[in-house]
Amino acid sequence: MEKWIEEYVKLLFPLNNNDIDIDGAKKIKSEHTPKRLFKYRGITKYSVENFENDELSLTEVSKLNDPFECSSKVVNPTICINELRKMLKNSELFNTNEKEELKTCSDDEFFELLESKSETASKSNLPKGTLKKFTEEIISSICHFGNQKILESNSNNIYICALSENNESSAMWAHYADKFRGFCIEYNFDEIRWQPLWCSLQPVIYQDDIPDFSLYFRNDIKTFNNLISTYASMIKGTDWQYEKEWRLTIPLGKQPKPYFIVKAPKPTAIYLGLRISEEDQKRLIDIASSKGIPVYKMVYPKTSFKVEYEKIA
């Protein structure tokens, strides 16, 4: 993670809501937001209308191509074991010294102490560690259930529009612009800096591990940071790093439709795919002409596989 993003995260997503520094986070983001961001589109009725009307469409997370979007851990085994320790601290099962030991012993020692008090385990001659294994399986199920519920909630309540710093990715032209038959729109987000839509623009953080947000749900957290769902929506696996993504992220709650339209900055240029049809090319050139913006078209590479364009209108 880049240093500025680390600082941005600290300011916007502290454990306590009262510690959020939105103005400080905006200032850092304003210094690092790329001047140009790009949106890859296939040719559809809606994508052309979006371009014509200066609109962007945000999609419900559950409808995106990555099923792991917004994954996070809010419950983990340590939290469950600590809760179990709290439940047992007043139990008559343990003497005073053992209760003190419960507070500081390791998890393995905790289970050994618990097993030594288990009458069922001692009478049935169960192998040592059976109680621990059984408890860990229950805890694992609890964690999975809790984390799955949070994922389902995020998937149905957060809406995202993906943009990229890069308009020269062959992979993205193939995946998101209908195998080079679509187009790519260039936007200048400087024009709406500090405006509400710009405030919804977030850098994507690429990492291998699912983020652990369990600390936000501790009992000693006085004011819950309700921006945590936005934080979850910013994190993707490193396999997606080539996309160099920034995204508009808005927690709207469940909407009647799986998409949400917002007014976009006026496009500053449009790029056409190598395989675009003549009919679609003419239509997009006409729209671009009405906006007074240049049109570029992808050309066959001469010496490398790097994407190249030439201006055609």
Could you give the side-chain donor-acceptor pairs of residues 280-292 under 3.5 Å, partners two or more places apart or in another chain?
residue, atom, partner, partner atom, Å
Asp280, OD2, Ser277, OG, 3.0
Gln281, OE1, Lys297, NZ, 2.9
Lys282, NZ, Asp286, OD2, 3.1
Ser290, OG, Ile287, O, 2.5
Lys291, NZ, Phe51, O, 3.3
Lys291, NZ, Glu52, O, 2.9
Lys291, NZ, Asp54, OD1, 2.6

Problem set entry | Separation of Ser153 OG from Gln148 CD (nearest 0.5 Å) | 12.0 Å

Exercise. Is there a side-chain contact between Phe180 and Asp178, using heavy atoms and a 4.5 Å cut-off?
Worked result: no

Exercise. From Lys103 NZ over to Glu98 CD, what is the distance, rounded to the nearest 0.5 angstrom?
Worked result: 13.5 Å

Exercise. Any side-chain heavy atom of Trp246 sitting closer than 4.5 Å to one from Thr33?
Worked result: yes

For this session: Report whether Phe183 and Tyr309 are members of the same hydrophobic cluster (ILVMFWY, side-chain heavy atoms less than 4.5 Å apart, transitive linking).
Result: no

Exercise. Would Lys3 and Glu7 pass as an ion pair if we require N to O under 4.0 Å?
Worked result: no

Problem set entry | Pro34 side chain reached by Phe189 side chain, heavy atoms, under 4.5 Å | no

Problem set entry | Results of side chain to side chain contact (heavy atoms under 4.5 Å, CB included) for Glu31 - residues two or more places apart only | Lys27

Problem set entry | Verdict with supporting geometry, Arg36 and Asn188, side chain to side chain contact (heavy atoms under 4.5 Å, CB included) | CA-CA 5 Å; Arg36 301 193 308 167; Asn188 181 354; over 6 Å; no

Exercise. Between CD of Gln202 and CD1 of Ile235, what distance do you get to the nearest 0.5 Å?
Worked result: 11.5 Å

Problem set entry | side chain to side chain donor-acceptor pair (under 3.5 Å) between Asn166 and Ser164, worked out | CA-CA 5 Å; Asn166 183 12; Ser164 175; 5.5 Å; no

Problem set entry | Value rounded to 0.5 Å, distance of OG in Ser169 from NZ in Lys306 | 10.5 Å

Exercise. What do you reckon, is OH of Tyr46 surrounded by more than 12 foreign heavy atoms closer than 6.0 Å?
Worked result: no

Problem set entry | SB check Lys266 Glu191 (cutoff 4.0 Å) | no

Problem set entry | Within 6.0 angstrom of Phe68 CZ, more than 12 heavy atoms from elsewhere | no

Exercise. Linking I/L/V/M/F/W/Y whenever any side-chain heavy atoms sit under 4.5 Å apart, do Ile228 and Leu15 land together?
Worked result: yes

For this session: Determine which pairs satisfy salt bridge (Lys or Arg N to Asp or Glu O under 4.0 Å) with at least one residue from residues 239-252, sequence neighbours left out, and list them in order.
Result: Glu69-Arg247, Glu245-Arg247

For this session: Please report the shortest heavy-atom distance between Tyr40 and Glu168, naming the atom on each side.
Result: OH-N, 3.5 Å

Exercise. Which atom names give the shortest non-hydrogen contact between Ser47 and Gly42, and what distance separates them?
Worked result: OG-O, 2.6 Å

Seminar exercise, completed: Here the gap from Ile20 atom CD1 to Asn226 atom CG, rounded to the nearest 0.5 Å, amounts to 6.0 Å

Problem set entry | Hydrophobic cluster identity match, Tyr216 and Met234, side-chain contacts under 4.5 Å | yes

Problem set entry | Inter-residue atom distance Ile160.CD1 - Thr59.OG1, 0.5 Å rounding | 9.0 Å

Problem set entry | side chain to side chain donor-acceptor pair (under 3.5 Å) partners of residues 254-263, not counting sequence neighbours, each pair once | Glu60-Lys254

Exercise. Between Phe38 and Ile185, is any pair of side-chain heavy atoms under 4.5 Å apart?
Worked result: no

Exercise. Under 6.0 Å from the CG atom of Leu252, do we count more than 12 heavy atoms belonging to anything else shown?
Worked result: yes

Exercise. Do Trp173 and Met298 touch side chain to side chain, with heavy atoms closer than 4.5 Å?
Worked result: yes

For this session: Please list, chain by chain and in numerical order, all residues satisfying side chain to side chain contact (heavy atoms under 4.5 Å, CB included) with Thr238, sequence neighbours excluded.
Result: Tyr206, Asp208, Gln241

Exercise. Honestly, is Lys29 close enough over Trp198, meaning NZ or CZ under 6.0 Å from the six-membered ring centre and within 45° of the axis?
Worked result: yes

For this session: Tell me whether Met1 is reachable from Leu201 by hopping between hydrophobic residues (I, L, V, M, F, W, Y) whose side-chain heavy atoms are closer than 4.5 Å.
Result: yes

For this session: Just jot down the ring-ring contact (aromatic ring centres under 6.0 Å, His included) partners of Phe110, sequence neighbours excluded, or say none.
Result: none

Problem set entry | Leu11 reachable from Val204 in the ILVMFWY side-chain graph, under 4.5 Å edges | no

Problem set entry | Min side-chain heavy-atom separation Ser233-Thr249 under 4.5 Å | yes

Exercise. Any side-chain heavy atom of Ser62 within less than 4.5 Å of one from Asn156?
Worked result: yes

Exercise. Given side chains that start at C-beta, do those of Phe224 and Asn16 come closer than 4.5 Å, heavy atoms only?
Worked result: no

